[in-house]
Amino acid sequence: MSPFVLAIVMGLLGLIFGSFIAAVTVRLPRDEEIVVTPSHCMSCGETLKPWQLVPVLSWLVQRGRCAMCGAAVSPRYILIECGAAAIGVWAALAGHEAGWVFVAATAVMGWQLLLIALIDAENFWLPDELTLPLIMTGLIGGAVIARGWPVSQIVGAVAGFSILWLLAEVYRRVRGREGLGGGDPILFAGAGAWVGWQGLPSVLLWACAAGFSIVLTLLITRRKVEMTQKLPFGTFLAIGIWLTWLYGPIGA
């Protein structure tokens, strides 16, 4: 399969998974059932018909409004769908030479990270339902790609959790308050499960760079930044995991 065709296929799959991801970002924080409950309008509650669930196209045809009640539908849905499609295309173009297994693994990781990043950015929350599967898929993916025991990934998962857990514990004891959320160590374990222990420093460097860029942007736009202001560190870690997986440890 040519890289161009593979990119189209992965992009289309990304649109489908992006639609699911968008739904989860709405339902999970509300503790709503995700799999069984059919998609419905958030305003009138009416169940959406199949033709109203076509990623991107349905939103454009309906001009961003519910076909039943006319309520506005947030553009965040198509933005998430397009973001997931971009991840699929990126995975295909970056990994086609390594084979379809690597491309599939990269896309799965990217879609998981997109969901985790959105949930944390909007809710400052890293649920175990999302972070624990990242560890599992990382270890499985590592075993399939390596065709053997993913020793580096196993060590990375243990090291990733231990490092951030210890940092959080030290910060709590020294400052008397929480500095990291409880889900951050588990997410960092997921980082180790994907990039191995060798990639953990790079994940942290990318995450810190992403966080610094946000703070710098707030300062440039003259918004007040408090020392106690919360930042979605899980979102920054997700960026670091993605870049480290694709381009390897910094300096390697």
Determine yes or no for a side-chain-to-main-chain donor-acceptor pair under 3.5 angstrom, with [X] supplying the side chain and [Y] the backbone.
X      : Y      : result
Thr137 : Leu134 : yes
Gln153 : Leu139 : no
Arg27  : Glu33  : yes
Asn123 : Ile119 : yes
Trp111 : Ala84  : yes

For residues 53-75, which residue pairs qualify under side chain to side chain donor-acceptor pair (under 3.5 Å), counting only residues two or more places apart or in two chains?
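For residues 53-75: none.
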Summary of side chain to side chain donor-acceptor pair (under 3.5 Å) pairs that have at least one residue in residues 86-102, sequence neighbours excluded:
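Residue pairs with at least one partner in residues 86-102: Trp90-Tyr247.
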Nearest atoms (heavy-atom pairs only) where Leu15 meets Ala85:
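Scanning both residues, the minimum pair turns out to be CD2-CB, 3.7 Å.
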Taking side-chain hydrogen bond (donor to acceptor under 3.5 Å, both in side chains) as the definition, give me every residue that meets it alongside [X], ordered by chain and number, with sequence neighbours left out.
X      : value
Thr25  : Arg76
Gln198 : Ser152
Trp242 : none

Do [X] and [Y] come close enough that some side-chain heavy atom pair is under 4.5 Å?
X      : Y      : result
Cys208 : Leu205 : no
Leu237 : Trp206 : no
Phe188 : Leu204 : yes
Thr244 : Leu200 : no
Ile186 : Leu126 : no
Met68  : Leu48  : yes
Leu187 : Ile241 : yes
Pro133 : Gln112 : yes

From [atom1] ([X]) to [atom2] ([Y]), nearest 0.5 Å:
X      : Y      : atom1 : atom2 : result
Ile135 : Ile140 : CD1   : CD1   : 12.0 Å
Leu167 : Arg172 : CG    : CZ    : 13.5 Å
Ile87  : Phe17  : CD1   : CZ    : 12.0 Å
Trp125 : Ile116 : CH2   : CD1   : 12.0 Å

Do other residues, nucleotides or ligands put more than 12 heavy atoms under 6.0 Å from Trp197 CH2?
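For Trp197, atom CH2 is not crowded (no more than 12 foreign heavy atoms under 6.0 Å).
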Please determine whether the number of non-hydrogen atoms from other residues, nucleotides or ligands lying under 6.0 Å from atom CZ of Phe233 exceeds 12.
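Yes - once you tally the heavy atoms of other residues, nucleotides and ligands closer than 6.0 Å, there are more than 12.
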For Phe212, give me all partners under side chain to side chain contact (heavy atoms under 4.5 Å, CB included), at least two apart in sequence or on another chain.
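Phe212 satisfies side chain to side chain contact (heavy atoms under 4.5 Å, CB included) with Leu216 once adjacent residues are dropped.
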